[in-house]
Amino acid sequence: MQETSGINFQKIEEKWQKKWQEKKIFEANIDDKKKKFYVLEMFPYPSGSGLHVGHAFNYIIGDIFARFKLMQGFNVLHPIGYDALGLPAENAAIKDKIHPEEYTNASIKNFMNQQKKLGLTYDWTRVINTANPEYYKWDQWIFLKMFEKGLVYEKEAPINWCPECDTIISNEQAQGGECERCGSKIEIRNMKQWFLKITDYADRLLEGHKKLNWPERTIAMQKNWIGKSYGTEIDFEINGKKWPVFTTRPDTLFGVTFMVVSANHSKLNELISEKQKKDVEKFLKKLKSVSEKDLTDMEKEGVFTGSYAINPITKDKVPVYAGNFVVADYGSGMVMAVPAHDQRDFEFAKKYKIKIKQVIEGKITKERAYTESGKLINSGNFNGFSNEEAKTKITDYLITKNLARRVTNFKLRDWSVARQRYWGTPIPLLHCKKCGVVPVDEKDLPVVLPKKVKFGKGNPLTTNEEWLNVKCPRCRGNARREANTLDTFVNSSWYFLRYCDPNNKKEIFNKDDVNFWMPVDLYIGGAEHACMHLIYCRFYTMFLHDIGLIKFEEPVPRLFNQGMINDEYGEKMSKSKGNSVEPLKVMEEYGVDTTRFFMMSEASPDKGFNWSDKGIQGSLRFVNKIFDTFEKLKFGKDSQDFLIKLNSAIKNISIQIEALDYRKSTIELRQLFDLIANQKEISKESFGKSLKLLSPFCPHITEELWEKLGHKNFISVSEWPKFDEAVFKFKTKEVDLNEKYIKYIKELIEKFELNGTSVKKVFVYVVPFEIEKLNKSKLIKGIGKELDIFSVRDEKKYDPENKSKKAIPGIPGIYFE
RNA sequence: GCGAGUGUGCCGGAGUGGUCAAACGGGCUGGACUUAAGAUCCAGUAGCUUUAUGCUUGCGAAGGUUCGAACCCUUUCACUCGCACCA
């Protein structure tokens with residue numbers, strides 16, 4: 001605590017936090033008389049190191065909104081929980097030689113204690129913990145429902161393997177060829193694995209975007225990730241067999257001079273001739289030595305397979321190459337190459353001296369293919385058509401010959417959900433020798449994680465034989481449990497539903513509760529989840545909707561991405577760099593409210609900022625000054641100036657909080673309290689209103705001063721002040737329009753009178769703020785005509801239909817009678 | 001390459017057609033208070049002079065629209081973030 005402040009913030013904080021808790025003012029209950037509002041921050045992964053500034057920032061942003069809505073009279077649900085399962089806990093536990101469960105429970109306890117110090121409006125009766133079998137039971141239950149509906153399947157596929165985490169990870173978690181958790185280079189392995197058929201929902205995930213009030217870049221990222229494209233799948237004949245190839249450019253079919261199959265294609269062997277075998281093997285070996293990450297920067301390379309493909313339309317025979325730049329699991333893993341009109345194919349053709357055949361008019365240079373549109377040439381019957389027309393015509397022609405189909409392709413892959421690690425939700429499936437894969441009976445849920453396992457290399461769950469061996473519910477024979485656990489993103493895909501009814505043991509949730517509180521009216525979290533959690537949770541919600549459990553398809557109509565907080569020099573905070581700021585230490589030193597106010601005044605919540613201790617001094621000054629002002633304040637009558645400021649603050653802050661533009665509110669509050677400090681006297685009521693405006697930002701000190709002001713209720717749940725427009729009519733200061741403007745009006749009048757129109761009266765528009773300040777008589781004198789003044793900001797708002805005021809075309813702001 | 005942004009004083013950033021040398025913070029300079037420091041308060045912080053509710057210049061750059069542009073349009077440059085060989 002700063003010695004100089006003289007105010008014991010800690011005492012005030014503890015006092016009010018205790019009172020809030022005792023009176024349960026933040027506990028949510030279903031109440032049909034009030035409108036509900038569900039504010040949610042992304043629940044944390046409880047790591048051993050406790051809260052970092054990013055957490056605090058996240059919670060405070062949500063808390064201010066929740067407090068605002070509470071004061072506006074909404075029935076607010078503002079819960080918190082812990083995303084407790086997952087690899088880091090397991091790894092940390094192994095390192096510390098304790099059980100992941102103990103590690104996690106200790107971390108949660110620590111997190112909760114720290115969160116409670118922030119003065120947040122959480123409803124602590126609704127806390128959830130995903131590591132609790134009562135929670136993950138329902139993960140398993142949903143999984144079985146998906147299994148029932150055919151959305152769960154097992155297949156051998158190339159998957160992302162993280163050697164560091166010793167497990168498979170999903171595409172979403174392996175972006176850029178690096179593990180999302182630990183940053184290790186991802187290996188591609190072929191393994192039999194469990195998938196959720198999220199691709200079934202690809203179209204609806206895209207479609208749903210239209211309904212969402214989300215940051216555009218988040219939507220753009222999701223769209224990009226889902227990657228829908230329309231095209232044509234054309235059959236080429238290779239060695240007497242049909243090979244489909246996906247293209248978005250069927251118009252260039254006459255220009256195909258070679259084919260490229262992915263070097264990772266599962267049927268590559270069928271294409272390799274005896275003669276080329278050695279070359280291909282050499283090439284594949286070389287590729288293996290390069291990680292996927294480096295591959296993206298690599299030059300396009302390939303090797304001739306020895307096979308030729310027959311172009312279905314020209315009957316040309318073109319060589320088939322195996323290449324490093326073709327994605328194995330997109331389309332059919334093979335592309336038709338048109339070097340004249342595709343830059344990649346162009347580079348490849350140059351390198352391997354393959355023929356380039358131009359089929360669209362345009363300039364091809366030494367370095368660049370022609371990728372723009374144009375008229376078709378060298379394309380048989382299709383010459384002369386624009387390439388856009390040709391896309392349709394050629395596709396139609398091929399379809400009549402049964403050589404092609406119109407298809408839609410997605411970049412989105414099915415969600416690989418199985419993890420070969422311990423600290424996750426056990427997959428509720430059994431392997432029976434007779435019956436094959438059998439789902440666990442619903443009544444046997446939850447499948448609880450066995451406590452006794454050996455941690456080390458490999459999957460710990462395979463070390464407990466007692467747990468693994470079970471009877472098959474179908475044939476009563478011997479079966480073994482599926483030893484994989486679910487990706488922890490499964491746990492977080494529906495947790496917001498559980499908050500609505502967190503302790504239900506009989507069902508996943510009470511439908512009435514969920515349909516009352518959901519959807520989440522405001523969801524706040526980091527942008528890094530755009531293509532993971534935020535896609536998964538939409539998928540889960542759609543699924544639960546489809547099986548009739550919930551009425552809505554989109555869980556989060558409004559999303560807010562908070563910015564990052566970096567250190568003073570703009571560097572990302574990290575423990576290893578030693579530049580991280582511990583929010584609780586700062587709060588101990590400066591007080592919670594000061595820190596809250598500081599964080600919100602540094603930058604808009606969506607932008608983030610570079611943390612500097614210097615800045616917090618300013619906020620401390622502000623908070624201290626409020627106490628100081630209160631001591632010196634004389635209560636009496638409000639001045640007009642102050643009433644105007646207070647009411648504009650009420651109006652502005654209400655709008656700003658609604659838009660999560662908190663930074664501007666902190667400025668407004670500074671100005672307001674500065675003005676209060678300069679008032680000779682002020683009414684108690686107005687001071688109270690000012691405190692209310694500050695309350696969401698600085699809840700403890702405003703509670704304290706509210707009490708000192710003589711109130712018996714909590715300011716936190718008092719009524720948000722109302723804006724009084726009547727106050728504004730007192731503005732009277734005079735202002736002149738600029739001389740040039742007057743001159744311009746005069747010139748116009750002259751022009752009109754020269755044309756024979758006599759001008760009797762002029763209508764002038766000014767900005768609303770100026771209208772009461774305008775020196776009208778001076779203006780009339782300047783122009784030499786009678787005039788009316790309009791308070792209109794935008795000339796487009798004028799009513800040109802109103803015949804009595806004739807508008808001069810093209811010239812805003814002046815009207816003649 | 002594609003997508004989303006950003007560019008204003010010493011710094012963070014307000015301002016999105018007329019209230020504008022530019023809010024509000026921070027920093028710096030000077031002053032008051034103090035034995036001193038801190039805290040607090042006051043003044044200054046683009047240039048010029050006639051020191052003024054003065055003039056000029058100015059909001060990445062260049063054009064344009066307008067009586068009037070940081071704000072609208074066009075071109076351009078720079079930076080940040082995200083995705084990326086998706087055919």
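Each chain gets a letter, A, B and so on, in the order its sequence line appears, and its residues count up from 1.
Taking atom NZ of residue Lys664(A) and atom P of nucleotide rG25(B), one finds them 17 Å apart after rounding to whole Å. The CZ atom of Phe673(A) sits 22 Å away from the P atom of rA23(B) (whole-angstrom rounding). Separating the CD atom of Gln671(A) from the P atom of rG25(B) is a distance of 8 Å, rounded to the nearest angstrom. Separating the CD1 atom of Ile226(A) from the P atom of rC83(B) is a distance of 15 Å, rounded to the nearest angstrom. Taking atom CZ on Arg217(A) and atom C1' on rC81(B), their separation rounds to 7 Å, with Å as the unit. For Phe609(A) and rU80(B), the CZ to C1' distance is 18 Å, given to the nearest whole Å. The interatomic distance linking Lys411(A) (NZ) with rC2(B) (P) rounds to 13 Å, in whole Å. Remark: C1' of rG27(B) and CD1 of Ile616(A) are 17 Å apart, rounded to the nearest angstrom.
Here the side chain of Ser332(A) pairs a donor or acceptor atom with the backbone of Pro244(A) at under 3.5 angstrom. With Thr257(A) contributing its side chain and Lys355(A) its backbone, the two residues share a donor-acceptor pair below 3.5 Å. Looking at Asp414(A), its side chain does come within 3.5 Å of a backbone N or O of Thr199(A) through a donor-acceptor pair. Not one N or O on the side chain of His265(A) forms a donor-acceptor pair closer than 3.5 Å with the backbone of Met334(A).
Residue-level contact check: Ser601(A) touches neither bases nor backbone, having no heavy atom under 4.0 Å from any strand. At a threshold of 4.0 angstrom between heavy atoms, the contacts of Gly227(A) with the nucleic acid are absent. Using a 4.0 Å heavy-atom criterion, one finds that Lys223(A) contacts no nucleic acid atom at all. Among the atoms of the strands shown, only primed sugar atoms or phosphate atoms (P, OP1, OP2) are found under 4.0 Å from some heavy atom of Lys607(A). Within 4.0 Å (heavy atoms only), Gln343(A) reaches no atom of the nucleic acid at all. If you check every strand for non-hydrogen atoms under 4.0 Å, Val326(A) touches a base.
Atom name P, nucleotides rA69(B) and rU76(B): the rounded distance is 24 Å, in whole Å. As rounded to the nearest Å, rG9(B) and rG18(B) have C1' atoms that lie 23 Å from one another. Across rG13(B) and rG27(B), the matching C1' atoms stand 14 Å from one another, rounded to whole Å. For the C1' atoms, the distance from rA4(B) to rA70(B) is 23 Å, rounded to whole Å. Separation of the P atoms belonging to rC20(B) and rC10(B) is 22 Å when rounded to the nearest angstrom. rG17(B) and rG68(B): their C1' atoms are spaced 8 Å apart (whole Å). Nucleotides rC72(B) and rA78(B) are separated by 23 Å at their C1' atoms, to the nearest Å. Here, rC85(B) and rA14(B) have their C1' atoms 44 Å apart, quoted to the whole Å.
With its glycosidic angle within 90° of 0, rG9(B) is assigned syn.
With respect to Lys391(A) and Glu388(A), a salt bridge is recorded, a charged nitrogen being found less than 4.0 Å from a carboxylate O.
If you run ring-ring contact (aromatic ring centres under 6.0 Å, His included) between Phe597(A) and each of Tyr662(A), Phe622(A), Phe673(A), only Phe622(A) comes through.
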Original post:
Dot-bracket for RNA chain B, 5' to 3', with Watson-Crick and G-U pairs under 3.5 Å, [ ] for crossing pairs and | for other-strand pairs: what is it?
Top reply: ((((((((.[[[..)..(.....]]]((((((.......))))))((((..).)))...[[[[[..)....]]]]])))))))....

**OP:** Walk me through it: do Phe348(A) and Tyr321(A) pass the test ring pair (Phe, Tyr, Trp, His ring centres under 6.0 Å)?
**Re:** CA-CA 10 Å; Phe348(A) 194 89; Tyr321(A) 283 74; 5.4 Å; yes

**OP:** Step by step, work out the ring pair (Phe, Tyr, Trp, His ring centres under 6.0 Å) result for Phe598(A) and Tyr590(A).
**Re:** CA-CA 10 Å; Phe598(A) 164 64; Tyr590(A) 295 94; 8.3 Å; no

Original post:
Between Asp345(A) and Lys300(A), does a salt bridge (Lys or Arg N to Asp or Glu O under 4.0 Å) hold up when you go through it step by step?
Top reply: CA-CA 9 Å; Asp345(A) 299 346; Lys300(A) 287 149 199 56; over 6 Å; no

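The distance from the CD atom of Glu668(A) to the CG atom of Leu694(A) is 12.5 Å, given to the nearest 0.5 Å.
Put simply, Lys614(A) has no side-chain N or O that comes within less than 4.0 Å of OP1 or OP2 on rC28(B). Contact annotation: Ser229(A) reaches the phosphate of rA87(B) (side-chain N/O to OP1 or OP2, under 4.0 Å).
Positionally, the nearest nucleotide of RNA chain B for Glu216(A) lies more toward the 5' end than for the other of Glu216(A) and Thr666(A). Sequence order on RNA chain B of the closest nucleotides to Tyr330(A) and Arg621(A) puts Arg621(A) first from the 5' end.
Of the candidates rC85(B), rC41(B), rA23(B), rC41(B) carries the atom nearest the Lys625(A) side chain, counting heavy atoms from C-beta on. Among the nucleotides rG3(B), rA23(B), rA87(B), the one closest to any side-chain atom of Thr248(A) is rA87(B). Of the candidate nucleotides rG3(B), rG82(B), rA87(B), rG82(B) has the atom nearest to the side chain of Asn224(A). Distances were taken from every side-chain heavy atom of Arg663(A) (C-beta onward) to each of rG13(B), rC85(B), rG25(B); the shortest belongs to rG13(B).
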